[in-house]
*Asks:* 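For reference, the structure I am asking about is given below.
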Amino acid sequence: MKITLVKKILADGSPCKKCGDVLEKLESSGQIAQIDTILTADERDPESDGMVLAKKLDVDRAPFFVVEKDGATPLVYTVYMKFVKEVLNQKTEEKDELKEIMENNDDLDFL
């Protein structure tokens, strides 16, 4: 299994805040050791490795994870908590998963 993390650099050259938060969580938890490759999607360079991969996989948000297993279609995760739970097999709190989903989807709101 190969795991790739794609983080984003914004058009103004600043790092994506959400990407930084996820990278910090990966580092503080030791999960970063399970990431094989980190690519950068630089909005200023449509040919950057991360932008090319995002276009190929039709992903429009960052950060995202690509999980590749031999002979299988790559799986894409845009929700960190779901990635941690399903790929790294680590326990997550439902409230943390829901919070991240809400933050990633402006069109969703609590009832």
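In this text the structure is predicted, and so the values were computed from the model without any measurement. Values reported hereafter were calculated over all heavy atoms of this structure, with side chains retained and with hydrogens, waters and symmetry mates removed.
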*Asks:* What is the distance from atom CE of Met51 to atom OG1 of Thr40, rounded to the nearest 0.5 Å?
*Replies:* 11.5 Å
*Asks:* Using the rule that two of Ile, Leu, Val, Met, Phe, Trp, Tyr join whenever any of their side-chain heavy atoms come within less than 4.5 Å, decide whether Leu57 and Val67 are in one cluster.
*Replies:* no
*Asks:* To the closest 0.5 Å, what do you measure between CG (Leu53) and CG (Asp58)?
*Replies:*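 CG of Asp58 is found 11.5 Å from CG of Leu53.
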*Asks:* If I take atom CG from residue Asp70 and atom CE from residue Met1, how far apart are they, to the nearest 0.5 angstrom?
*Replies:*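 Here the interatomic distance stands at 11.0 Å.
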*Asks:* So, taking the atom named CZ in Arg61 and the one named SG in Cys16, what distance separates them when rounded to the nearest 0.5 Å?
*Replies:* 11.0 Å
*Asks:* Which residues satisfy the salt bridge (charged side-chain N to carboxylate O under 4.0 Å, His left out) test with Glu27, sequence neighbours excluded?
*Replies:*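 Listed in chain order: nothing, the list is empty.
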*Asks:* So do the side chains of Ile3 and Leu88 get within less than 4.5 Å of each other, counting heavy atoms only?
*Replies:* yes
*Asks:* Do the side chains of Met81 and Val6 join up, straight or via other hydrophobic residues, at under 4.5 Å, putting them in one cluster?
*Replies:* no
*Asks:* Going by the angle between their ring planes, with limits at 30° and 60°, are Tyr77 and Phe83 parallel, tilted or perpendicular?
*Replies:* perpendicular
*Asks:* For the CG atom on Asp12, are there more than 12 heavy atoms of other groups (residues, nucleotides or ligands in this structure) within a distance under 6.0 Å?
*Replies:*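 Enclosed.
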*Asks:* With clusters defined by side-chain heavy atoms of hydrophobic residues (ILVMFWY) lying less than 4.5 Å apart, directly or transitively, does Leu39 cluster with Val66?
*Replies:* yes
*Asks:* From Phe65 CZ over to Ile38 CD1, what is the distance, rounded to the nearest 0.5 angstrom?
*Replies:* 9.0 Å
*Asks:* Following the transitive rule for hydrophobic clusters with a side-chain heavy-atom cut-off under 4.5 Å over Ile, Leu, Val, Met, Phe, Trp and Tyr, establish whether Val22 and Phe64 coincide in one cluster.
*Replies:* no
*Asks:* Which pair of heavy atoms, one from Gly13 and one from Arg44, lies closest together, and at what distance?
*Replies:* CA-NH1, 3.5 Å
*Asks:* Quick test of your reading of the model: are Lys25 and Asp21 salt-bridged, counting only N-O distances below 4.0 Å?
*Replies:*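 So Lys25 does not pair with Asp21 through a salt bridge.
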*Asks:* Give a yes or no on whether Glu24 atom CD has more than 12 heavy-atom contacts from other residues, nucleotides or ligands under 6.0 Å away.
*Replies:* no
*Asks:* Within the side chain of Asp36, is there an N or O that forms a donor-acceptor pair under 3.5 Å with the backbone of Thr4?
*Replies:*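 Judged by distance alone, no pair lies under 3.5 Å.
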*Asks:* So do Leu75 and Lys69 actually touch side chain to side chain, heavy atoms under 4.5 Å?
*Replies:*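 No, side chains not in contact.
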*Asks:* Using the rule that Ile, Leu, Val, Met, Phe, Trp and Tyr join whenever any side-chain heavy atoms are under 4.5 Å apart, tell me whether Ile9 and Leu23 fall into a single cluster.
*Replies:* no
